[in-house]
Colleague: 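Sharing a structure below in C-alpha cells format, with a few things to ask.
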Amino acid sequence: MSRAREWGRAIPPRRVDLSVRIGSLELRNPVLTASGTFGYGDEYAHVVDLRRLGGIVTKTVTVRPRPGNAPTRIAETAGGMLNSIGLENVGLARFRSEKLPRLAELKATVIASVGGETEDELAELLEALGAEPGVAAFEINFSCPNVAAGGARYWASPSRLEATMRRLRPLSPRPLIAKLSPDVTDIRDTARACEAGGADALTAVNTFVGMSIDLDRMRSRLGRATGGLSGPAIKPLALARCHEAAHAVGIPVIGSGGVAGGRDALEFIAAGAAAVQIGTATFVEPGVAARVVDEMREWLASHGIARVADFRGTFAAPAAQGCAPADARELAEDRP
Amino acid sequence: MSAPAARTWRQCDARVRAQRHFGGDFHWLDLDVPPDFETPEAGQFVQLLLEPPSPVLLPRPMSIAGAVRRARSLTLGFLYAPVGTGTRALAALEPGSRVRVTGPLGRGYPLGRPGTPVLVAGGRGVAPLLMAADALARQRRSAEFVFGARTRSLLVGLDEARTRIVKRGGRLHLATDDGSRGLRGNVVQVLERLAPRLAAPLVIHACGPHAMLSAIARWATAHGAEAWLAMESVMACGTGVCRGCPLPCSAQARERVLAAGAASGAAALRGNPEWAMCCTDGPVFEARDLDWERVE
Ligand SMILES: Cc1cc2nc3c(=O)[nH]c(=O)nc-3n(C[C@H](O)[C@H](O)[C@H](O)COP(=O)(O)OP(=O)(O)OC[C@H]3O[C@@H](n4cnc5c(N)ncnc54)[C@H](O)[C@@H]3O)c2cc1C
Ligand SMILES: Cc1cc2nc3c(=O)[nH]c(=O)nc-3n(C[C@H](O)[C@H](O)[C@H](O)COP(=O)(O)O)c2cc1C
Ligand code: FES
C-alpha cells in the first residue's frame with residue numbers, strides 16, 4: 001500500500017488550507033523567515049513576494065546599536081555554517097524611525113525580534129514598540145550564542161526566563177514568542193518556564209554552539225573561538241529539540257533549524273510545530289521560503305490533507321515510535 | 001563614493017559555456033546567464049552556487065572579469081584559482097553544466113572619475129581589472145595598467161591584459177618580486193616611478209592581496225591620489241543581510257556614517273560606524289574609508 005493512501009486521496013493543491021494560528025496571530029501559511037537571515041525585511045523584497053510568506057522575523061534589535069563582532073564572522077562546515085555576527089543591529093531608535101515605516105509598506109506580516117542583556121532592556125524595547133501597529137508579534141531572543149552578556153547562557157535559567165516573561169507579558173497586546181537555545185540540559189524546562197511566564201508561543205531553536213579550528217595556523221576559523229551552527233547540519237538536532245518542546249507545552253511551537261525544502265518543514269510540523277522558520281537556506285537561495293510554501297502545499301495535496309493544521313503533531317500521535325517525551329515528562333516531574 | 005550598489009541583483013540559472021586553463025593554476029570560466037541579467041560593472045561580483053549534490057553549502061563569491069552581450073545571452077567571464085573544495089568542484093564542471101548565479105552584486109569601480117586612471121593588479125586580482133580595462137577602452141580613455149606578482153608565472157592573464165590594454169592605446173607596466181619579468185620590485189615602486197609622468201590627479205583602481213592593497217592605500221594617501229580597492233572577505237549571503245563580511249571603517253568613515261545616521265538618509269540604513277560590509281558597501285572601497293591598521 002502506498003504511503004499516500006494512508007492519508008487519503010489526492011486533492012487539488014489550491015484546496016489546501018495552509019493558514020495557522022500562533023496565539024492571536026493568524027498566519028496565511030506556516031513559513032516564516034528566521035531572525036538575522038532576512039535583514040529588516042526589505043532587502044529581499046525585490047526577489048521574493050513577501051505576501052506569499054507566512055511572515056518575516058526581523059533581525060534582532062537591541063536598545064543601543066551594536067556594531068557586532070570582529071572578523072572573521074563566518075565559516076563553512078560540513079553541511080552547515082558557523083557564524084559569530086554578534087547581534088549587529090541599528091538599535092531601537094533607528095529601527096523605529098527608519099525600519100518600521102519601510103516594513104509597513106511591504107504588506108508582510110512582521111514579527112519583530114528583540115534582544116537584551118537584561119530584563120530591563122527587554123522591558124524598554126517592549127514599552128517602546130509594544131503597541132506599534134506595524135508589528136504583528138514579537139520574538140524575544142533568549143538564545144544568541146555570540147554575545148558575552150545577555151546571550152544564550154544568561155537566559156538558560158528557567159526561573160530567570162519565567163520571571164522575565166511575567167514582567168514582559170503585560171507590556172504589549174501582541175503575541176510574545178520566546179526563542180529558545182538548544183544548548184541547555186533539557187529544553188522542556190526552558191520551554192515550560194516561558195509558558196508559565198505567559199509566552200504565547202516558542203521558537204525552537206536558535207543555532208547550536210560550534211567550533212572550527214584551522215590546524216595549520218592553530219586558530220579558530222572565526223574571529224572568536226565559537227560561533228552558532230546552522231543549516232542542514234543541524235536539522236536532526238533541531239527537530240528533536242522542537243519535538244521535545246512541543247510535547248512539553250500547550251502553546252504553539254515554531255520549528256527552526258536546517259529547513260531548506262517543503263519536506264523539511266513538514267517534518268517539523270509532524271513533530272508538533274505549528275510553523276517553521278527558514279534561515280541559512282535563504283543565503284543559498286533567496287527565494288527558498290516561497291518555494292517551501294509551494295512544496296508543502298503540493299505534498300499535503302498529494303496526500304489528501306486539506307489543512308496543514310491537521311497535520312501538526314501527527315508524528316507523535318499514533319505512531320508508537322517510542323515517544324520519549326511523554327515518559328520523560330513524568331521523570332522530569334519526579335525530579336526534586 | 002563608488003558606483004551605487006545594484007538593487008536589481010537576482011538569482012538565475014547559468015550554463016557553463018567554456019572552461020579553460022589560463023596559465024599557472026588558473027582557470028577561465030565562461031557562463032551564459034539570461035539576457036535580462038543586468039550588465040555588471042567592473043569590480044562587481046556574483047555568488048556562484050553549484051548544483052546539488054554540491055560538496056559545499058554556501059555560494060562562492062567571484063569577481064566578474066568579462067561580460068559579453070550576445071543576442072540571446074550574456075556571457076560572464078571569471079578568472080579563478082581552484083584553492084579549496086568549492087572552487088575545485090567548479091573547475092571540474094564541463095561545458096553545458098548548470099550553475100546558479102546571484103548578481104550582479106556590490107559596488108564596482110567608479111571609472112568615470114576625473115583624473116588619470118591607473119589600474120593596478122596583483123596576481124589573480126587582475127580579474128576585475130581586465131573588465132575595467134575593457135570599460136575604459138569603450139569610453140576611449142587610455143589607461144596605465146600596472147601588473148605585479150611574485151614571479152612571472154603568476155602574472156596570470158598577461159596576454160589577455162596586453163590585448164585589452166595595449167591594443168587600445170594603454171600602457172602595461174610589469175613588476176615581479178624576483179625580477180623574472182618587468183621591474184624587480186612591487187607595484188608601488190612602479191607607481192612611484194610612473195606618477196611624475198602622469199597628469200594629476202591619479203585615480204587608482206586596484207585589486208590583489210591585502211598587503212598590496214594596504215601599501216597602495218598608504219602610497220595614495222601620501223601622494224594625494226585617489227585609490228579604489230577591491231577587497232575580499234568570507235561571505236554567506238553576498239547581499240548585506242547576514243552581516244558576515246565586515247571590514248574595519250576608518251575614523252573618517254565612522255564620522256560620516258554617524259552623521260548620515262542622524263540625518264536618516266536611505267544610504268545610511270545599513271550604516272555601521274565600526275564595520276563596513278564587503279559585499280554591499282564594497283567590494284570596491286575608497287582607501288581612506290578603511291582602517292588599514294585593522295584590515296586582516
Ligand atoms: C568579492 C570577492 C571576489 C572574489 N573574486 C575572486 C576571483 O575573481 N577569482 C578567485 O580565484 N577568487 C576570488 N575570490 C575568492 C574566492 O571566493 C575564494 O577563493 C573561494 O570562496 C574559495 O572557496 P573554496 O570552496 O574553493 O575554498 P574553501 O574550501 O572554502 O577554502 C579554501 C581556502 O580558500 C580560502 N578562502 C575561502 N574564502 C575566501 C575568500 N572569500 N577570499 C579569500 N580566500 C578565501 C580559505 O581561507 C582557505 O584557505 C573572491 C572573493 C570575494 C569575496
Ligand atoms: C548569520 C546569522 C545571523 C543570525 N542572527 C540571528 C538574530 O539576530 N536573532 C536570532 O534570534 N537568531 C539569529 N540567527 C539564528 C536563526 O534565526 C535561526 O534560528 C538559525 O540559524 C537556525 O535556522 P537555520 O538552520 O534555518 O539557519 C542567525 C543565524 C545566522 C546564520
Ligand atoms: S556576505 Fe552577508 S552581509 Fe556580506
Side-chain angles (χ1 to χ4, degrees), chain A residues 33 36-48 59 65-91 93-94 97-99 101-102 221-223 227 230-233 258 260-261 279-288, chain B residues 5-12 47 49-50 52-60 84-86 100 102 231-249 254 257-258 260-266 268-280 294-296:
Chain A
T33 64
T37 63
F38 214 77
Y40 296 97
D42 63 333
E43 287 92 335
Y44 286 124
H46 71 292
V47 282
V48 192
K59 175 75 193 171
R66 292 180 62 101
N69 293 331
T72 305
R73 291 187 184 174
I74 287 170
E76 183 165 340
T77 62
M81 67 179 267
L82 284 169
N83 87 78
S84 68
I85 309 296
L87 287 192
E88 181 189 321
N89 78 91
V90 296
R94 289 181 61 197
S97 65
E98 296 170 16
K99 305 296 185 185
R102 281 199 173 204
R221 287 205 171 79
L222 296 171
S230 63
T280 302
T282 296
F283 303 151
V284 178
E285 181 188 341
V288 64
Chain B
R7 291 291 292 164
T8 47
W9 62 264
R10 64 194 191 94
Q11 185 170 62
C12 56
Q47 292 263 66
L49 184 64
L50 298 162
S54 162
V56 292
L57 171 70
L58 297 171
R60 295 301 193 250
T85 318
R100 284 245 198 134
T102 306
M231 305 294 293
E232 285 190 4
S233 180
V234 181
M235 294 183 178
C237 71
T239 57
V241 168
C242 74
R243 316 310 287 168
C245 60
L247 293 169
C249 292
R254 255 200 303 281
V257 171
L258 288 171
S264 180
L269 277 180
R270 292 203 179 89
N272 175 341
E274 200 63 35
W275 306 104
M277 289 304 130
C278 186
C279 65
T280 42
R294 292 193 298 148
V295 171
E296 301 229 309

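Values in this document were obtained by computation on a predicted structure and should not be read as measured data. Below, chain A is the first sequence line, B the second, and so on; all start at residue 1.
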Colleague: In terms of heavy-atom pairs under 4.5 Å with chain B, which of Gly231(A), Ala78(A), Ala70(A) leads?
Modeller: Ala70(A)
Colleague: Just by distance, do the side chain of Glu296(B) and the backbone of Leu247(B) share a donor-acceptor pair under 3.5 Å?
Modeller: no
Colleague: Where does Val47(A) contact chain B at under 4.5 Å (heavy atoms): side chain, backbone, both or neither?
Modeller: side chain
Colleague: Please look at Leu49(B) and chain A and tell me whether the side chain, the backbone, both or neither of the residue comes under 4.5 angstrom of a heavy atom of that chain.
Modeller: side chain
Colleague: Nearest 0.5 angstrom please: Asn272(B) CG to Asn89(A) CG, how far?
Modeller: 9.5 Å
Colleague: Mind listing the closest non-hydrogen atom pair of Ile74(A) and Met81(A) along with its distance?
Modeller: CG1-CE, 4.2 Å
Colleague: Quick one: pull up CD in Glu274(B) and CZ in Arg66(A) and give me the separation to the nearest 0.5 Å.
Modeller: 12.5 Å
Colleague: Go through the atoms of Pro59(B) and report whether side chain, backbone, both or neither lie under 4.5 Å from a heavy atom of chain A.
Modeller: side chain
Colleague: Chain A heavy atoms under 4.5 Å from Arg60(B): which part of the residue, side chain, backbone, both or neither?
Modeller: side chain
Colleague: Of all of Gly39(A), Pro71(A), Gly86(A), which one pairs up most often with chain B through heavy atoms under 4.5 Å apart?
Modeller: Pro71(A)
Colleague: Less than 4.5 Å to any heavy atom of chain B: does that hold for the side chain of Asn69(A), its backbone, both, or neither?
Modeller: backbone
Colleague: What I want to check is whether the side chains of Thr280(A) and Ser230(A) have a donor and an acceptor closer together than 3.5 Å.
Modeller: yes
Colleague: I need the minimum non-hydrogen distance between Gln11(B) and Val284(A), along with the two atoms involved.
Modeller: NE2-O, 3.0 Å
Colleague: What part of Arg294(B) gets closer than 4.5 Å to chain A, counting heavy atoms only: side chain, backbone, both or neither?
Modeller: neither
Colleague: Indicate the ring-plane relationship of Tyr44(A) and Phe38(A), choosing parallel, tilted or perpendicular according to the 30° and 60° boundaries.
Modeller: tilted
Colleague: Of the backbone (N, CA, C, O) and the side chain (C-beta and beyond), which part of Ser84(A) lies under 4.5 Å from a heavy atom of chain B, both, or neither?
Modeller: neither
